Amino acid sequence: MAGPQVLSDFDETHYISDVLVYAIPVLLLIYLFRLNQVIKSTPEEVSRLSPSTSRWTKKLLQETYERLEKDCITTTSYACSIPPKLKRRYVVTGGSGLVGGYIVLQLLERGQPAEAIRIVDFRAPNRPDMVTGPASEVDFVQTDISSVESTTKAFSKPWSPSVAHLPLTVFHTAAVIVPSERSRLVYKLCEAVNIHGTQNVVDAARKAGADILISTTSGSIAIRPIKFWIAPWKLWDVSGSTWPRHFWQVLDEKDFFEPPRPHDGYYANYPASKAAAERIVCGANTPSFRTGCIRPANGVYGNPTDNTVGGPLNSGDYPTWTPHIIQSFCHGINAALAHLHFEAVLASRSTKSSLPSQAGRPYVVTDPNQPITYNDLYTAILTLATTHFQIIPLPPILILLLSHAIEFYILLPLKYPIFRRILPPLTGDVRFLQPAIMDICTHLVASNSNISRPVEVGGLGYTGVITTLDGMVQEILEWNREHREAEAEGRKVVYHTSIALPDQLRKAGAGNSTS
Ligand SMILES: *[C@@H]1O[C@H](CO)[C@@H](O)[C@H](O)[C@H]1NC(C)=O
């Protein structure tokens with residue numbers, strides 16, 4: 001009798017394990033499928049801020065293009081919105097870049113002489129609007145701000161006698177943008193340039209006698225990492241709590257007034273380093289050295305070297321999982337203007353012993369319009385760019401899973417040196433596909449509510465001069481023009497993107513000397 005008994009027991013466990021073998025993967029697939037649907041959707045709260053009636057249509061885009069073709073937005077066209085000239089000298093770190101470059105152009109436009117401006121940057125200016133005209137007369141001092149020596153040297157270089165007696169303002173916009181690394185194992189470069197570099201600039205500025213320093217930080221400091229892996233039963237909860245935690249976020253300044261978060265409370269190394277830099281700058285604020293920070297929110301754009309518009313324009317075939325994602329953007333022109341508004345407040349409302357309430361804190365700045373969707377941007381490029389562009393839609397869940405695998409692969413040889421010989425390093429853009437990229441590509445909205453308030457009630461009296469629609473369309477227009485001209489002359493257009501800078505800096509040894 002014992003034999004059949006054993007057999008049927010065996011059958012039963014066999015049956016159960018069979019069920020498990022099939023059921024677990026099936027349940028897992030259902031879970032991933034549903035999570036994918038969730039990530040591909042837009043919460044009510046966010047779509048209300050950017051209603052479907054505001055989507056960019058082909059007609060709207062074409063009309064905007066024609067209008068800007070006839071009447072494009074230049075530093076001169078918005079000159080009346082630039083805060084008036086001050087009798088001061090200027091150091092602009094990162095002055096060859098997007099925001100720093102616009103600061104230089106706006107200073108010149110309002111009548112500051114070229115000899116009263118100094119660009120302190122790792123790279124010489126090569127923007128078309130800076131290599132000709134008055135901007136080409138501005139002094140450039142090649143500098144690695146992660147080095148104390150190099151930074152001090154750049155600040156202590158003598159000025160032309162015509163301006164040497166004037167008070168000094170420093171605009172500190174230099175930084176490295178590494179959008180997707182979050183491990184402390186690869187924190188060195190961000191730490192060296194964004195944290196130690198900022199400390200070096202603050203020290204050198206003070207030593208050089210500056211009395212105002214305004215630094216560019218980032219709206220992304222506010223971002224918290226998304227908790228994607230929510231309990232399966234919550235995925236079908238229709239009460240509104242379905243969303244993975246932090247799936248949509250407001251980019252505000254609240255975090256600055258709270259204790260600093262631990263490293264993993266920021267979405268990546270970049271915002272962690274910018275948060276630390278912001279506290280260095282604001283911590284240095286005194287009546288004789290007034291400081292403040294501007295947080296552009298979130299993607300800064302305005303030149304084909306940028307990531308937001310330049311990225312897709314440059315790539316042609318563009319894999320993406322974000323067409324539905326709603327975000328606020330900030331044109332370099334608006335970001336630069338915010339710095340000048342801040343300077344005006346710090347220069348006028350201070351005495352030797354008192355400080356305006358605006359000093360020593362950050363302000364978020366974004367374009368003067370509601371947020372847009374990535375699909376608005378893609379439609380603009382598809383409709384208006386004369387170069388090839390095609391989006392390749394990808395399921396977000398695939399990117400989420402892949403990003404963890406890629407990060408694991410990249411960190412393995414850093415954790416265990418034995419893998420250094422076995423695993424070839426990843427090259428190309430796939431390196432950027434790490435989990436943090438999901439956080440920066442989620443629904444993120446910002447507002448100008450604080451920065452736009454009148455100066456009397458604690459704001460900076462800022463108003464943006466260029467909308468996201470005009471700014472992005474104009475960038476495509478300029479892209480088309482550059483390509484048309486290059487084609488006529490038989491050359492190729494090559495851009496130095498901000499994402500390529502970290503590689504150049506690593507090659508030059510930044511980050512090895514300081515930490
Ligand atoms: C406005 O500033 C206050 C502090 O003055 C801050 O708590 C708040 O978060 C800011 N609002 C936004 C939207 O950034």
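No experiment lies behind these values; they were computed from the predicted model shown. In each ligand, atom 1 is the first atom listed, and ligand 1 is the first ligand listed. The analysis underlying the following values was restricted to heavy atoms, covering all of them including side chains, and did not include hydrogens, waters or symmetry mates.
- Shown in contact with Ser449 at under 4.0 Å from a heavy atom are these atoms of ligand 1, numbered in order with element: 13 (C).
- Scanning all protein heavy atoms for the shortest distance to atom 5 (O) of ligand 1 gives Arg361 NH1, 2.8 Å.
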Exercise. May I have the step-by-step check of ring pair (Phe, Tyr, Trp, His ring centres under 6.0 Å) for His443 and Phe247, ending in yes or no?
Key: CA-CA 7 Å; His443 303 285; Phe247 182 55; 5.3 Å; yes
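- Of the protein's heavy atoms, Lys254 N, 3.4 Å lies nearest to atom 9 (O) of ligand 1.
- In this structure, atom 7 (O) of ligand 1 lies nearest to the protein heavy atom Phe257 CD1, 4.1 Å.
- Residue Asp252 places no N or O, backbone or side chain, under 3.5 Å from any N or O of ligand 1.
- Distance CG/Leu68 to CG/Asp470: 5.0 Å, rounded to 0.5 Å.
- Taking the charged nitrogens against the carboxylate oxygens, Glu343 and Arg110 do have a contact shorter than 4.0 Å, which makes a salt bridge.
- The protein atom (non-hydrogen) at minimum distance from atom 11 (N) of ligand 1 is Asn450 ND2, 2.9 Å.
- In this structure, the separation between CD1 on Ile326 and OG on Ser47 is 6.0 Å, given to the nearest 0.5 Å.
- Ring geometry, Tyr187 versus His263: the interplanar angle exceeds 60°, so the pair is classed perpendicular (tilted spans 30 to 60°).
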